[in-house]
Structures are given as C-alpha cells and as structure tokens.
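Report on one structure; see the data block that follows.
Bear in mind the structure is a predicted one, so any value in this text is a computation, not a measurement. Residue numbers start from 1 in every chain, and the chains themselves are labelled A, B, ... in the order their sequence lines are given, proteins ahead of strands.
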2 protein chains.
Amino acid sequence: MNTWQSVRAEVLARIRSGEWAPGGLIPTEHELARELGCARATVNRALRDLADSGIVERRRKVGTRVATTPSRRTTLEMSVIRHEIQAMGAHYRYEMTRFETLPAPSHVADALQVRQGDPVLSVKTQHFADNRTHCCEVVWLNPAVLPDIDRRDLEREPPHEWLGRNVALTQGQFTILAEGATGDCARSLDVRPGTPVLAIERISWSDLVPVSFARQFYGPGHRLVSED
Amino acid sequence: MNTWQSVRAEVLARIRSGEWAPGGLIPTEHELARELGCARATVNRALRDLADSGIVERRRKVGTRVATTPSRRTTLEMSVIRHEIQAMGAHYRYEMTRFETLPAPSHVADALQVRQGDPVLSVKTQHFADNRTHCCEVVWLNPAVLPDIDRRDLEREPPHEWLGRNVALTQGQFTILAEGATGDCARSLDVRPGTPVLAIERISWSDLVPVSFARQFYGPGHRLVSED
DNA sequence: AAGTGGTCTAGACCACAGT
DNA sequence: CTGTGGTCTAGACCACTTA
C-alpha cells in the first residue's frame, strides 16, 4: 500500500534500525518517491508528519535529517473548565468573587505588555465540581482591547468562555508549574497554605496584542494527561 | 493568494465573525474550493489543520462543524534533560544512585502491564545543572522487553537516552501533577519535605508493550512552557 | 444508495538557502 | 545558479457514515 502512513512507517523503521542514523541525511523526497513507488506528495505528507513529531528536521536545499535531539512533542488538551468538570460527571458551578480595576503589578504588566501601574482589570473566579472548588483563578484583562466588558458579563460566564465568544483570540501560551497554595487560593481550594497545587499560567493574544493573563490553580490530585 | 494558510485564515475569520456559529456545519470542501477559487486539496489542508487545532470537527458524510468546545490543544516539548540543562548554559552531570530488581508495586504494575509483584528494574537517577540537582527521577523498566540491559549502561547514560538509542519507542504518555517532595527526592533536590515540586510521569511503549514508567521531579521554579 | 471527507497521482511552479 | 522542500492543481478513487 502506498499510503502516507505506510511511508511514514517505513521511514521510521529505517531510522529505528539504525540504517539512517541520528544527525544523518535521509534521501530526498524525489528519491524516496521513486524507490517506494509513490508520488512525491505522499512522501512529503509522511515526512512532514515526522517533522511535526520532532523525529526528523527538514530544511530547504539541505534535506531531511534524523533529529539528533530525540525530544518528543506531546499535545495537551486545555479544555474549558466547565467541560472538564462535566466530563467527570460532576455538577458545574461558577462564581466570580472579585472584579476591579487595579494598577498592573510588574509580572502582569510584562505579560500584557502594558506599563507597570497602568490600569488593568483584575477578576477572581472559582469553578466548583459538586460544590467543591475544583479550580480557582485570577484573570488580568487588558482594558485597551476590551472596550465594553461589564461586570455582569463575567458574573454569568467565566472569563475565558466570554473571551472565546467575544474576542478573536489568535494565539495562546501556557506555562505549568507547581506552587504552594497561599491566602485566598488556599481558602478557596480548602487546603492548608503551602499545600502543593498545580498552577497554569495562560496568556491569550488577539493579533499580537495580549488580551488576558490568567493564573489557574488546581488542588491536590489534579493531573494533566497528554494525548499521544 | 490561494495558499492553504489564506484559506485557513478566511475560514477562521468567518467563524470568529459569527457567520459560522459553534456547532454549525460549514460548507463542504467542494463548495469552499469553488467559492474561494482553489483546489479541493488546498481546502482540505486548511480544514485538516483547523481540525488538528481543535477549532473544527470533521466527520465523513456529515461534514465539518465548528467545534462547540473551544478547547485548545497545545504542544509541549519534552526534551531530553541533558539538552534542557545545556540550553540554560549550565554544566550537565548525571548520576545513577540505584539499580535493583524489585517486585512491582501496584501503580508500577498497572503502568507496565505486569502482575503486581513481578520483578521489575528500579533505577534512581539525578540530573545536575552546575552541581545543583535539577531533576531526580525513578524509572521502572520492564525486564521482559529489555533482555540485555546492564548496570553499566545506565551508569554512563540516563535511562531515556539509552532507551531512545536501543529500543524502538513508538508511543509515550505524559502526566503532569504537583506534589510535595518526600524522602530521597527532597534530599536530592535540597528542599524541605513537603515543598511543592512538579512531577512528570512518563510511560513509554514499544509496539503496545510498556517499556518504562518514570516519575521525574523538578524543584521549585521549574516551568513547562508551551510552544504555540 | 449517496454524499462527505481522506487520500493518491503526476506534474508544475515557487521559496529558500547553500554554492 | 542549483537543489531542496513547500505548495497548488485537477482529477480520481476510496472509506466511512448516515439515510
């Protein structure tokens, strides 16, 4: 069969067998197409897939190399918290506990690309699964990009769901780290201060303009699982 | 321009504008190709890309729907620890602190798909950046798949690097969580027990057979950053 | 049975990066 | 300039799913 999957498998097998060593060039698309008896587009599809997985590296004029860094890319599904909770079969409830304009602290100013002390919107929320706090978050919003957001908008609906429906988010970045719970967060999650919590920082852009910077905290036992 | 990127952008714009609502069907590939004046393959490439990002969902005979779950997929680069450390400009050193065959505890037996109590290889390692422990890990190896691994192999080289060069790893899964440092791990990372650490659990398969189950611990301040 | 996406083909042109 | 990958095309057939 000359499917692109079979081409991918063949190439992978040759890499695994050592026939094509890490750092070495493999044949060009034309050569592979001829050898395997399929169209170049098919080979291209297979090699592009391998490049997306980080198995090979491709550069024009140079060719395709077996990656020396056998690093793996893995994809995480960052779902809407409501769906995450409902998927567990739990009842979802959302609450906004703060909504106020504040001068931007330095780390927020960095993330939103505004000057330190510039006014930004600070929103605190909690997401409940069967009346236990599953996640609490602080969201900082760039008012320059959100002309007409209203307190009532976010009382009804979590910030990221509102943003998803009202702003053209073009890019996002996630940072994952472990922290000890502090103050409000510890109280919300009903854990002692210092308890390890998983923190996810999330920056959303709309056309290269930062729209929001969120810090989400998940209590003990929460796990992020890759798909693969 | 009839690039697949421009088709992708056009489709995205229509979704964002609300012209194509979440949950709704968008035109078929044929229709879009005709309307936008390009080949169907180009439309296919664009829509496939959007489907990979989770923006739309595609099913044969049904068509392409705007995803009701505006969940985002993001890719994490799980690099080899040595490269991670060298990329910071630090000196890398590796040490194996344990190598012994033990009866599999239940969580390890689950991960490696062996019976609880079956013999598995337990390896403890530390990875240093400029002589400070950057990461410590416990790796459990499935001896059924690793006939001729030797203690000396892993004294020279970290388990995952050895595996990468000697076993055809076909699949991996990562789980990320926050934990409090305990015992050996706390001592290795030079933190007090209970200090929040980022834990990454990693299972590697070779052709549906589990090869290794690793738990890696990173000290305070460590961050996983998505690419996007 | 019919309609949708999934893929392959053969050829072509282009963009880029070494020489 | 040259050779590589990146992409587009027009057409074709296939696979799957719903009706």
Side-chain angles (χ1 to χ4, degrees), chain A residues 1-15 19-69 73 75 227, chain B residues 1-15 19-69 71 73 75 227-228:
Chain A
M1 305 261 283
N2 289 339
T3 63
W4 67 266
Q5 291 94 334
S6 71
V7 173
R8 182 192 203 276
E10 176 63 25
V11 171
L12 254 184
R14 295 198 190 175
I15 292 174
E19 182 177 340
W20 293 336
L25 285 173
I26 75 178
T28 65
E29 294 188 350
H30 281 105
E31 288 167 349
L32 276 174
R34 193 162 31 78
E35 181 193 341
L36 301 177
C38 64
R40 181 167 79 96
T42 307
V43 175
N44 179 277
R45 179 89 155 83
L47 293 184
R48 182 154 41 79
D49 191 81
L50 288 172
D52 286 344
S53 311
I55 311 284
V56 302
E57 292 162 358
R58 321 194 70 196
R59 279 169 60 199
R60 280 166 165 148
K61 169 70 183 175
V62 176
T64 302
R65 261 175 212 295
V66 179
T68 50
T69 317
R73 299 199 185 104
T75 69
E227 300 183 321
Chain B
M1 306 261 284
N2 289 338
T3 64
W4 68 266
Q5 291 94 334
S6 71
V7 173
R8 183 192 202 278
E10 177 63 24
V11 172
L12 254 185
R14 296 197 189 176
I15 292 174
E19 183 178 338
W20 295 336
L25 286 172
I26 75 176
T28 65
E29 294 187 350
H30 281 104
E31 287 167 349
L32 276 173
R34 193 161 31 78
E35 181 194 339
L36 301 176
C38 64
R40 182 166 80 95
T42 308
V43 175
N44 180 278
R45 178 87 153 84
L47 293 185
R48 182 154 42 80
D49 191 80
L50 287 172
D52 285 345
S53 310
I55 312 282
V56 301
E57 292 161 357
R58 322 194 70 195
R59 279 169 59 201
R60 280 166 165 149
K61 167 71 182 177
V62 176
T64 302
R65 262 175 213 296
V66 179
T68 50
T69 317
S71 70
R73 300 201 184 103
T75 69
E227 301 182 320
D228 241 69

For B/R58, all residues meeting salt bridge (charged side-chain N to carboxylate O under 4.0 Å, His left out), sequence neighbours excluded: B/E29
Residue list, side chain to side chain contact (heavy atoms under 4.5 Å, CB included) with A/T3, at least two apart or on another chain: A/M1, A/Q5, A/S6
Overall bend - the helix from C/dA1-D/dT18 to C/dG18-D/dC1, comparing terminal axes fitted on five pairs, nearest 10 degrees: 20°
Distance in angstrom units between A/R40 CZ and D/dT4 P, rounded: 10 Å
Nearest-nucleotide comparison on DNA chain C, the residue closer to the 5′ end among A/W4 and A/K61: A/W4
Those residues that, when tested against A/R14, pass salt bridge (charged side-chain N to carboxylate O under 4.0 Å, His left out) (two or more places apart): A/E10, A/E35
A/E31: salt bridge (charged side-chain N to carboxylate O under 4.0 Å, His left out) partners, not counting sequence neighbours: none
Which residues share a side chain to side chain contact (heavy atoms under 4.5 Å, CB included) with A/A33, sequence neighbours left out: A/R40, A/V43
Positions of residues 19-31 of chain B (non-hydrogen atom under 4.0 Å from DNA chain C), listed by number: B/T28, B/E29
A/D52: partners by salt bridge (charged side-chain N to carboxylate O under 4.0 Å, His left out), with sequence neighbours left out: none
Rounded interatomic separation in angstrom, taking CZ from B/R60 and P from D/dA19: 17 Å
Side-chain heavy atoms of A/L47 within contact of A/V11, under 4.5 Å: yes
B/R65 side, atom CZ; B/L25 side, atom CG - distance, nearest 0.5 Å: 4.0 Å
5′-ward residue of the pair A/V62/A/N2 relative to DNA chain C: A/N2
Outermost nucleotides of DNA chain C that come under 4.0 Å of a non-hydrogen atom of chain A: C/dT7 to C/dG18
Partners meeting side chain to side chain donor-acceptor pair (under 3.5 Å) with B/R45 (sequence neighbours left out): none
Side chain to side chain contact (heavy atoms under 4.5 Å, CB included) against B/R8, all qualifying residues, sequence neighbours excluded: B/W4, B/L12, B/A46, B/D49, B/L50, B/S53
